[in-house]
Number of protein chains: 2
Amino acid sequence: MTMQEQVKINIIRGIRRLLMDHHRMSKAEIAEALSISFPTASKFIEELVNRGEVLSLGLTPSAGGRRARSYAYNPDFAHALLVYLEKKETKYVITNAYKEKILEDTAKSFLEHDPSILAEFFKTKLAENPSIKTIAIGIPGAVNGDVISYIPDYSLYANQNIKAISNLTVDLTIENDMNAAVLGYQKRNGLSHEASVVYIYMGANGPGAGILINGELVKGHTMFSGEISFIPLNDDSRVITKSDFDKDDEKSISLVSKLIQTISALINPSHIVFHQAEASEEFLHKAAENVKRYFPSDHMPALYISDWDKDYKEGLWQLAKLNLICLDMNS
Amino acid sequence: MTMQEQVKINIIRGIRRLLMDHHRMSKAEIAEALSISFPTASKFIEELVNRGEVLSLGLTPSAGGRRARSYAYNPDFAHALLVYLEKKETKYVITNAYKEKILEDTAKSFLEHDPSILAEFFKTKLAENPSIKTIAIGIPGAVNGDVISYIPDYSLYANQNIKAISNLTVDLTIENDMNAAVLGYQKRNGLSHEASVVYIYMGANGPGAGILINGELVKGHTMFSGEISFIPLNDDSRVITKSDFDKDDEKSISLVSKLIQTISALINPSHIVFHQAEASEEFLHKAAENVKRYFPSDHMPALYISDWDKDYKEGLWQLAKLNLICLDMNS
DNA sequence: TATACTTATTAAACTAGTTTAATAAGTGTG
DNA sequence: CACACTTATTAAACTAGTTTAATAAGTATA
């Protein structure tokens, strides 16, 4: 691709990103935010307006002179289908480009059936709603590129490329649920673009962690990062399990303390996040006190409790939004 | 900065990077590698030749038609001063832009004196060799931006900004020695741009690790990453020390095994590297066997032994080279 | 309500990378 | 050694973002 084509694509993506996040902006504001000249911004915005992707709205309140026209992304130009694959059922949401719910429903669980059934589901939903321009899927398994490289218990999905199987006309992104959650946490809490966060979740599919370092997901060279159950913290070298977190006794606190200390000593993140249902403020407080007996308190991460469901959903939406921003203009 | 200025800077930096790495290239090869058109590449190369930064060399062997002229970076246009601050002495090297040694020498140790003494040293060297266009310093302490945020034993250097103190006309980069080493390892072994490597060193200044994830240094939010001595692997929660590595007994092997397992479970790097003098092939083999009893062998990192000194030097050179590539053209 | 002032938009001249055509400089072959 | 063929370089036309000037559309005030 030539340099000038890249420039063009970057400008269009920049406009989409700004308008999806801010909802209303003037041409001058967009030009300023993207560090491009007004005439160039104007040209592309007009193009997007002609295409129906951007809406030309009313005038802004005056700032002392001629009032500027404001523009917004057309929320119905691109819808997103967000799919949460789970053991018992499949939750899915269709949103517009502002993340507003168009439809929310539940389908049967797909994980124990052939992936082609899931592909059929996508085709049905796309037929019902032709505005859908992207699909984002969260899955309790490791994802390498487009391939599900490891998924315990659901052998039919192992080593499958859902994108290839589905053979869709729209973009499709698939991501591990914990990775999505840590991205969602970053966004929901307004953390910087270079944040480092470890998100610990003792979910039904076994304990694990989503890890963000320098603002990027850490997947590991064999997609095995965050498998904290394999950290040899127990005296007898057995793996950590959910039950180690449940109890509010000395042993549980000691174990979680060691986990916090290990993570802090190795990657020193700014935040370690725990699932609402799995840790109380008091439990974390005790653990933090415990860690500080061995670990310099200056370098302690902030320990937070968060709503995993909301973080997961936000994360999947962020992935879908990224796809919408990167939409190919010829489709 | 306007978009077109950025384009210009990127092209010039791209040409520098290519010529510093490849030593001889034709205009067509440069244009191809940078994804720019031939005329544009030609224009900038001419500009650099006129400035004396690039040398116009002879013709390449024919490929069946008119022979292309080849170009090379002028190795003497920019020299680099690499400084290794250590407890007992200060090693320093002056190289040309091809990393070829111009001068190698040792100065007294600066760490126990006021940093202004080091600043004087820089001024002297710059006066002796006006071709020096950048200085890169390695230091056994944590560096946050330009500030030495934590350095044990050398209180005069704590919280100092060497760049600001020195007040030089050339660029100056300062980096932690272990971080430099892991960068050097990545380069020396031709690892990908997105490599994940943990480099373990039980150095004189205490044990620690340089960590590279997705090709980026992991510094931690308080510059405390890689402080593996704080990982609670010993039964009695005391920190790991150098002596834990020295012995080839059961206990040492068990400890290093746990360390490998911890790192693998958490960040799953492709490589864990150990210092030559601190681990034998046999020791690592035993440790690896030990880890595989508890940890899936598919996800084991490759365990390597490397020459820390060479890695450190290469890493510091890479940092210096980056500065040369990013040189401001008005200086 | 005319006039000065402020801000937004459009138009025209300018700058810089790309494309295409023309020219230069070589190789190989009948 | 003329001719076809290949590759490199230069020149000219083209395309696209920036800058600057001109115009439009408003506000404030005497």
Side-chain angles (χ1 to χ4, degrees), chain A residues 1-19 22-51 54-72 329-330, chain B residues 1-19 22-51 54-72 329-330:
Chain A
M1 184 186 302
T2 164
M3 211 194 62
Q4 307 195 321
E5 289 168 325
Q6 287 173 21
V7 166
K8 191 170 176 174
I9 286 174
N10 280 337
I11 291 174
I12 289 176
R13 289 180 182 177
I15 294 171
R16 283 177 174 149
R17 181 172 47 75
L18 288 170
L19 289 183
H22 295 84
H23 289 200
R24 290 175 140 259
M25 287 181 92
S26 71
K27 284 175 172 176
E29 286 168 338
I30 290 170
E32 164 79 16
L34 298 180
S35 300
I36 57 178
S37 67
F38 183 96
T40 302
S42 182
K43 193 186 83 177
F44 282 100
I45 292 165
E46 286 313 322
E47 196 177 311
L48 289 167
V49 168
N50 289 337
R51 207 191 296 171
V54 164
L55 301 174
S56 169
L57 302 178
L59 303 175
T60 55
S62 167
R66 177 172 172 177
R67 293 160 66 196
R69 185 163 295 282
S70 63
Y71 297 85
M329 23 232 91
N330 314 322
Chain B
M1 186 187 301
T2 164
M3 213 194 61
Q4 307 195 321
E5 289 168 326
Q6 287 173 21
V7 167
K8 191 169 174 175
I9 285 173
N10 279 337
I11 291 175
I12 288 177
R13 289 180 181 177
I15 294 172
R16 284 178 176 149
R17 182 172 47 74
L18 288 170
L19 289 183
H22 295 83
H23 290 199
R24 289 177 141 259
M25 287 181 92
S26 70
K27 284 175 173 176
E29 286 168 338
I30 291 170
E32 164 78 16
L34 298 179
S35 299
I36 58 178
S37 68
F38 184 97
T40 302
S42 181
K43 193 187 85 177
F44 282 100
I45 292 166
E46 288 312 324
E47 197 177 311
L48 289 166
V49 168
N50 290 336
R51 208 192 294 169
V54 165
L55 300 174
S56 169
L57 302 178
L59 302 177
T60 56
S62 166
R66 177 173 172 178
R67 293 161 66 195
R69 185 163 292 281
S70 64
Y71 297 85
M329 25 231 91
N330 314 320

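Proteins get letters first, then strands, A, B, ... in listed order; numbering begins at 1 in each. All values reported here derive from a predicted model rather than from experimental measurement.
Note on A:Lys43: every side-chain N or O is 4.0 Å or more away from OP1 and OP2 of D:dA16. A:Ser37 has a side-chain polar atom (N or O) that falls below the 4.0 Å cut-off from OP1 or OP2 of D:dT18. Dashed line: the shortest gap from a side-chain N or O of B:Thr40 to OP1 or OP2 of C:dT18 is under 4.0 Å. Listed pair A:Lys27 / C:dT10 meets the phosphate criterion, a side-chain N or O lying under 4.0 Å from OP1 or OP2.
Contact annotation for B:Lys8: no contact, since no heavy-atom pair falls under 4.0 Å across all strands. A:Ala68 comes within contact range of the sugar-phosphate backbone alone, with a heavy-atom separation under 4.0 Å but no base atom that close.
Taking a cutoff of 4.0 Å between a charged side-chain nitrogen and a carboxylate oxygen, B:Glu47 and B:Lys43 do not qualify as a salt bridge.
Remark: the A:Arg67 side chain and the D:dA25 base include no donor-acceptor N/O pair separated by less than 3.5 Å.
Here the P atom of nucleotide C:dA8 and the CD1 atom of A:Ile45 are 13 Å apart, to the nearest Å. In this structure, CZ of B:Arg69 is placed 17 Å from P of C:dA24, rounded to the nearest angstrom. Following rounding to the nearest Å, B:Met3 (CE) and C:dT15 (C1') show an atom-to-atom distance of 12 Å. When rounded to the nearest whole Å, the span between CD of B:Glu47 and C1' of C:dG17 equals 14 Å. Across the protein-nucleic acid pair, A:Glu46 atom CD and C:dA11 atom P stand 11 Å apart, rounded to whole Å. One can place CD of B:Glu5 at 10 Å from P of C:dA16, the figure rounded to the nearest angstrom. Nucleotide D:dA8 holds its C1' atom 16 Å from the CE atom of B:Met25, rounded to whole Å. As rounded to whole Å, 15 Å separates atom C1' of D:dT18 from atom CG of A:Leu34.
DNA chain D is contacted by both B:Gln4 and B:Ser70; B:Ser70 maps to the nucleotide lying nearer its 5′ end (nearest heavy atom per residue). With the nearest nucleotide of DNA chain C identified for both A:Thr2 and A:Ala28, A:Ala28 has the one nearer the 5' end.
Remark: the backbone N or O of A:Arg67 is not paired with any side-chain donor or acceptor of A:Ser62 at under 3.5 angstrom. Side chain of B:Ser70 to backbone of B:Leu57: no donor-acceptor contact under 3.5 angstrom is found. No side-chain donor-acceptor contact under 3.5 Å links B:Arg69 to the backbone of B:Ser26.
Against DNA chain C, the stretch residues 56-65 of chain A makes heavy-atom approaches under 4.0 Å through A:Ala63, A:Gly64, A:Gly65.
Looking only at side-chain heavy atoms (C-beta outward), A:Met3 and B:Thr40 stay at 4.5 Å or farther from each other. Side-chain contact check for B:Ile9 versus B:Gln6: every heavy-atom pair is 4.5 Å or farther apart. Counting heavy atoms from C-beta on, the side chains of B:Leu34 and B:Arg17 come closer than 4.5 Å.
Of all heavy-atom pairs between B:Ile45 and B:Tyr71, the closest is CG2-CD2, 3.8 Å. Residues B:Phe38 and B:Ala28 approach most closely at CE1-N, 3.7 Å, considering heavy atoms.
Checking D:dA25, C:dA16, D:dT7 against the side-chain heavy atoms of A:Arg66 singles out D:dA25 as nearest. Listed candidates were C:dT9, D:dA16, D:dT18. Nearest to the side chain of A:Pro39 is D:dT18.
In the helix from C:dT1-D:dA30 to C:dG30-D:dC1, the terminal helix axes, each the rotation mapping four pairs' C1' atoms onto the next four within five end pairs, subtend 10°, rounded to 10°.
Dense packing is recorded around CD of A:Glu46, with more than 12 heavy atoms of other residues, nucleotides or ligands lying under 6.0 Å away.
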